[in-house]
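Inspection log for the structure reproduced underneath, given as structure tokens.
Residues: numbered from 1 along the sequence shown. Owing to the predicted nature of the structure, the values given are computational and were not obtained by experimental measurement.
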Amino acid sequence: MQHKFFPHTDEDLKVMMKKVGINSLEELYAEVPKDIRFQGEYDIPSMKSELELRQYFSSLGQKNNQLTIFAGGGVYDHYTPSVVPNLVSRSEFLTSYTPYQAEISQGTLHYIFEFQSMMAELTGMDVSNASMYDGSTATAEAVLMAFANSKKADTVLVSSTIDPKTLRVINTLAHFHGVKIEMVDAKNGATDVEDMKAKLAKGNVAGMVVQQPNYYGVIEDYGGFADACHENKALFIMNANPADITVLKTPKEWGADIAVGDGQSLGLPLAFGGPSVGYMCSTEKLMRKLPGRIVGATHDTRGQRAFVLTLQAREQHIRRQKATSNICSNQSLMALFVTIYMSVMGKEGLKEAARQSYAGAHYLCDELLRTGRFTMAFDQPFFNEFCVRYEGDVDKLQQHFLENGFMGGIKVADDTIMFAVTEKRSKEEIDRLVELTNI
């Protein structure tokens with residue numbers, strides 16, 4: 001049985017106070033001037049039973065407007081098996097933090113090792129680090145990797161089709177490291193390959209960043225991108241949605257040198273925008289350029305399998321000027337979350353969730369077009385997210401969605417809405433959303 005809270009008994013308090021040399025709890029605040037202490041009564045209800053507390057918070061929760069979500073833009077409403085939060089909430093995981101005496105934390109090292117193994121297999125890349133804060137910071141760190149890997153080049157190209165939120169983080173980190181960011185134009189919702197080649201040909205380029213599927217949901221054809229980059233001594237960096245590449249070409253198959261992205265689509269709840277987890281994988285050649293840490297497996301003196309920190313390219317372990325990054329920690333708990341999620345879902349489960357998301361998005365798209373009030377924004381293939389132009393008032397339509405319990409897409413232009421569908425959306429929900437467009 002799990003107990004989330006054990007109150008201290010009077011005896012517990014006496015033992016603790018004796019240990020620190022005080023006779024009352026008030027003495028803990030003896031150094032705080034009385035004139036700045038709060039003297040009134042706290043606006044806290046009187047003690048309640050567990051049942052009363054549950055009813056109280058349930059009534060608060062009912063004030064929230066629970067919406068059916070058809071919005072994405074980098075954060076998606078995917079199904080999470082109930083076993084995942086149950087295991088993650090175990091105390092030995094829930095309170096875990098960066099293990100400074102790492103080899104003592106065999107449980108933590110073990111699940112990080114499994115996370116790395118799964119992400120490397122998912123992306124097809126040679127190695128993975130122990131996760132990053134989120135997809136945006138992982139992408140920005142990849143930009144710094146490309147810059148550090150180049151001896152002279154100080155410019156990194158970024159496709160105009162990447163998530164604007166990610167671009168803002170890239171610009172922030174690049175600015176303070178002296179990296180110049182140059183945007184590559186988009187054509188019909190996809191990266192303009194000719195513009196990329198022209199900018200590569202100018203020289204002084206350390207890397208090229210793309211996204212798959214891109215911000216608009218388009219599945220881009222990146223054939224020849226890696227060759228063009230390598231011919232100009234630049235790294236090819238791909239930000240890929242891990243849930244989608246279970247059925248799409250992997251970054252490795254596209255010839256990427258570095259694969260990054262956000263793990264939120266691997267079952268992490270929306271949670272008002274976070275926390276999330278980023279992944280970063282690379283070729284073996286770039287392994288020592290990876291920020292953060294890498295957990296490896298070995299055997300102890302008794303021949304038993306053990307886990308160790310194999311690489312720690314952090315300023316806490318080496319001279320600051322030689323560190324690849326100043327990243328000091330990550331949401332390792334979130335890495336555990338997606339590791340358990342992938343284990344429970346299995347390869348076929350991940351693929352099935354992706355297929356259902358794809359099928360639902362294409363069904364919604366077809367139904368919207370059939371109304372005659374929408375047209376495709378881009379003549380491009382898409383996965384579970386797509387952009388359509390609306391002939392009426394987009395703001396009015398979205399407000400109508402909200403009033404009827406739906407979060408109906410993201411406004412990406414004055415006349416354009418981006419819808420997303422996951423395996424959680426039923427045919428009935430999709431049909432109801434389409435009905436609501438008739439206003």
side-chain hydrogen bond (donor to acceptor under 3.5 Å, both in side chains) between Tyr216 and Gln380, intermediate numbers included: CA-CA 10 Å; Tyr216 305 108; Gln380 298 280 7; over 6 Å; no

How long is the gap from [atom1] on [X] to [atom2] on [Y], to the nearest 0.5 Å?
X: Met208; Y: His230; atom1: CE; atom2: NE2; result: 12.5 Å
X: Leu364; Y: Leu369; atom1: CG; atom2: CG; result: 9.0 Å
X: Asn149; Y: Lys285; atom1: CG; atom2: NZ; result: 7.0 Å
X: Glu220; Y: Lys249; atom1: CD; atom2: NZ; result: 13.5 Å
X: Phe374; Y: Arg389; atom1: CZ; atom2: CZ; result: 13.0 Å
X: Lys427; Y: Ile430; atom1: NZ; atom2: CD1; result: 8.5 Å

Full working for side-chain contact (heavy atoms from CB on, under 4.5 Å) between Leu350 and Tyr341: CA-CA 9 Å; Leu350 291 171; Tyr341 170 84; 3.5 Å; yes

Do [X] and [Y] come close enough that some side-chain heavy atom pair is under 4.5 Å?
X: Asn232; Y: Lys197; result: no
X: Tyr215; Y: Thr161; result: no
X: Asn384; Y: Asp244; result: yes
X: Lys233; Y: Ser150; result: no

Heavy-atom donor-acceptor pair, [X] side chain to [Y] backbone, under 3.5 Å:
X: Ser89; Y: Asn86; result: yes
X: Tyr111; Y: Leu109; result: no
X: Lys199; Y: Val205; result: no
X: Thr416; Y: Val412; result: no
X: Asp379; Y: Asn188; result: no
X: Ser160; Y: Val184; result: yes
X: Gln106; Y: Ala306; result: no
X: Ser282; Y: Asp257; result: no
X: Asn241; Y: Ala243; result: yes
X: Asn64; Y: Gln66; result: no

His400 ring center near Phe406 ring center (under 6.0 Å):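 Centroid distance His400-Phe406: not below 6.0 Å, so no.
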
Evaluation steps, side-chain contact (heavy atoms from CB on, under 4.5 Å), between Phe401 and Ile439: CA-CA 10 Å; Phe401 285 150; Ile439 59 174; over 6 Å; no

Considering only NZ, NE, NH1 and NH2 on the basic side and carboxylate oxygens on the acidic side, decide whether [X] and [Y] come within less than 4.0 Å.
X: Arg54; Y: Glu50; result: yes
X: Asp366; Y: Arg370; result: no
X: Asp77; Y: Arg425; result: yes
X: Arg432; Y: Glu429; result: no

Any chance [atom1] of [X] has more than 12 other-residue heavy atoms, nucleotides or ligands included, within less than 6.0 Å?
X: Glu52; atom1: CD; answer: yes
X: Met376; atom1: CE; answer: yes
X: Asp395; atom1: CG; answer: yes
X: Tyr358; atom1: OH; answer: no
X: Gln304; atom1: CD; answer: yes
X: Lys411; atom1: NZ; answer: yes

Which residue, [options], forms the side chain to side chain contact (heavy atoms under 4.5 Å, CB included) with [X]?
X: Gln264; options: Asp134, Leu270, Val277; result: Leu270
X: Ile340; options: Leu87, Leu266, Thr80; result: Leu87
X: Gln356; options: Lys424, Glu423, Lys351; result: Glu423

Derivation of the side-chain contact (heavy atoms from CB on, under 4.5 Å) call for Glu194 and Lys187: CA-CA 10 Å; Glu194 295 305 320; Lys187 183 185 294 184; 5.7 Å; no

Mutual orientation of the aromatic rings belonging to Phe382 and His362 [parallel < 30°, tilted 30-60°, perpendicular > 60°]: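 Rings of Phe382 and His362: parallel, under 30°.
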
Parallel, tilted or perpendicular: rings of Phe225 and Tyr222 (30°, 60°):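 It falls in the perpendicular class, over 60°.
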
Chi angles and distances behind the side-chain contact (heavy atoms from CB on, under 4.5 Å) call for Leu157, Leu200: CA-CA 8 Å; Leu157 304 180; Leu200 284 169; 3.9 Å; yes

Cut-off 3.5 Å, no hydrogens considered: what does the side-chain donor-acceptor table look like for residues 171-183, sequence neighbours left out?
unit_1 : atom_1 : unit_2 : atom_2 : d
Asn171 : ND2    : Leu167 : O      : 3.4
Thr172 : OG1    : Arg168 : O      : 2.9
His177 : ND1    : Leu173 : O      : 2.9

Test log, rule side-chain hydrogen bond (donor to acceptor under 3.5 Å, both in side chains), inputs Tyr390 and Thr437: CA-CA 10 Å; Tyr390 176 58; Thr437 65; over 6 Å; no

